[in-house]
Amino acid sequence: MKNRSFPSTIDQTLIEKGDSMRESMAKVKRLVVKIGTSSLIYPNGKVNLSGIDELAYVLTDLHNRGLEVILVTSGAIGVGLNKLQLLERPQKIPEQQAVAAVGQTELMTIYTQRFEAYSQKTAQVLLTRDIVEFPKSRNNVVNTLNQLLAMDILPIINENDTVAVDELDHLTKFGDNDQLSAIVTELVAADLLIMLSDINGFYSDDPSKNSQAILYSHVSKITDELLKEAGGTSSAFGTGGMRSKLKAAQRVLDTSSKMVLANGKRPKIIFDILAGKEIGTLFEEMEENDND
Ligand code: ADP
């Protein structure tokens with residue numbers, strides 16, 4: 001399957017410039033990695049221990065190389081369902097919050113064990129959107145994250161599902177962890193967000209429905225045309241899906257950072273991404289062409 005850059009009308013010099021952008025990966029110092037439920041939980045509902053172990057190994061190794069690393073993780077409800085031996089996600093919000101509360105501690109136990117195996121200290125940070133919107137609280141979040149990084153501790157962030165319910169006059173929900181990871185990237189001024197999903201990157205159409213879909217290697221601008229290609233949301237709750245990843249990419253581009261969307265099946269892919277290999281979709285603004 002051939003890769004291409006978008007906008008596709010740009011001239012060859014810009015495409016080449018886009019490709020050579022992967023060289024900037026070598027300069028990444030502060031990194032946010034977001035992992036989705038599909039990379040943490042097997043389709044049968046059980047926990048993907050080898051995936052989590054590989055993620056802990058990769059992130060610890062990057063930290064040992066001198067990078068500052070933050071993990072944004074989904075999966076609390078998935079792990080909670082497994083722990084409580086429930087076959088289906090409950091319908092009522094308090095029930096979902098209870099399952100998430102069970103799953104969050106279980107998920108952190110698994111992460112702590114796996115990171116411990118590589119001698120990496122971790123911390124749990126649970127956020128709600130109102131905190132990030134309120135300047136004083138936002139400052140506290142930034143200070144905490146910076147302090148953790150300065151202490152060589154790897155923050156593991158998730159939404160605080162017990163608190164985060166949308167109310168008309170009080171916005172507490174990030175929407176989904178795609179937005180949360182983009183907001184964290186902005187908060188800590190990270191150089192790169194790597195978003196690990198169940199798909200190789202962003203395609204010209206949903207590959208599960210269209211086998212002719214083409215993988216974009218580089219996107220410099222989120223256009224209405226691209227949003228249409230991303231389809232709708234992936235869940236009945238109106239969260240996730242490719243559209244949400246593009247919205248997150250837009251936020252990252254707005255703050256002059258960059259994002260790579262790639263497949264989280266094998267977290268070692270992060271090494272290749274940082275080595276500048278053309279993997280997944282890079283969302284990064286084009287630098288102005290000197291000849292313009
Ligand atoms: P995750 O839970 O791993 O974050 P999501 O389900 O939220 O993943 O989003 C990824 C899904 O988006 C893919 O599995 C794919 O079916 C769907 N999708 C829709 N449109 C596209 C597109 N244009 N390119 C890639 N994936 C798409």
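Start at 1 and go down the list; that is how both ligands and their atoms are numbered. In this text, all values refer to a predicted model and were calculated from it rather than measured experimentally. All residue numbers refer to positions in the sequence shown, counting from 1.
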Quick check: does [X] get an N/O under 3.5 Å from an N/O on ligand 1?
X	value
Ser204	no
Tyr203	yes
Gly231	no
Leu196	no
Glu229	yes

Is the closest heavy atom of [X] to ligand 1 under 4.0 Å?
X	answer
Lys228	no
Gly201	yes
Met195	no

Contacting atoms of ligand 1, where contact means under 4.0 angstrom from a heavy atom of [X]:
X	answer
Lys245	1 (P), 4 (O), 5 (P), 7 (O), 8 (O), 9 (O)
Asp205	22 (C), 23 (N), 24 (N)
Ser208	16 (O)
Pro207	24 (N), 25 (C), 26 (N)
Ser197	1 (P), 3 (O), 4 (O), 8 (O), 10 (C)

Worksheet entry | Distance-only donor-acceptor check, side chains Tyr42 and Asn82, under 3.5 Å |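 No, Asn82 and Tyr42 have no side-chain donor paired with an acceptor closer than 3.5 Å.
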Worksheet item: Considering only heavy atoms, does Lys34 approach ligand 1 within less than 4.0 Å through its side chain, its backbone, both, or neither?
Response: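 Near ligand 1, Lys34 shows its side chain, while the N, CA, C and O stay back.
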Discussion item. Quick one: does any side-chain atom of Glu159 pair with a main-chain N or O of Thr128 as donor and acceptor, under 3.5 Å?
Written reply: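 Not at all, since once roles are kept as given, no pair shorter than 3.5 Å links the two residues.
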Discussion item. Could you check whether any side-chain N or O of Asp130 sits under 3.5 Å from a backbone N or O of Glu133, counting only pairs where one atom can act as donor and the other as acceptor?
Written reply: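 Side chain of Asp130 to backbone of Glu133, a donor-acceptor pair under 3.5 Å: no, none is there.
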Worksheet item: Roughly how far apart are His63 NE2 and Glu68 CD, rounded to 0.5 Å?
Response: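 Answer for the NE2-CD pair, His63 versus Glu68, is 8.0 Å.
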Hey, are [X] and [Y] close enough for a salt bridge, meaning a charged N less than 4.0 Å from a carboxylate O?
X	Y	result
Lys209	Asp205	no
Glu284	Arg22	no
Lys258	Asp191	no

Worksheet item: So which of Ile35, Ile199, Asp198 gets nearest to atom 14 (O) of ligand 1, if we judge by its closest heavy atom?
Response: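 Of the listed residues, Asp198 has the closest heavy atom.
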Item to complete: Evaluate the side-chain contact (heavy atoms from CB on, under 4.5 Å) criterion for residues Ile70 and Leu154: first the C-alpha distance (whole Å), next the side-chain angles of each, then the deciding distance (0.1 Å), finally the verdict.
Response: CA-CA 6 Å; Ile70 293 178; Leu154 193 146; over 6 Å; no
Fill in: Whether Phe202 and Tyr216 hold their rings parallel, tilted or perpendicular, with breakpoints at 30° and 60°
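Taking Tyr216 first and then Phe202, their aromatic rings sit tilted (interplane angle of 30° to 60°).
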Worksheet item: If we only count heavy atoms from C-beta on, is the Val32 to Val69 side-chain gap below 4.5 Å?
Response: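 Side chain of Val32 against side chain of Val69, heavy atoms only: no contact under 4.5 Å found.
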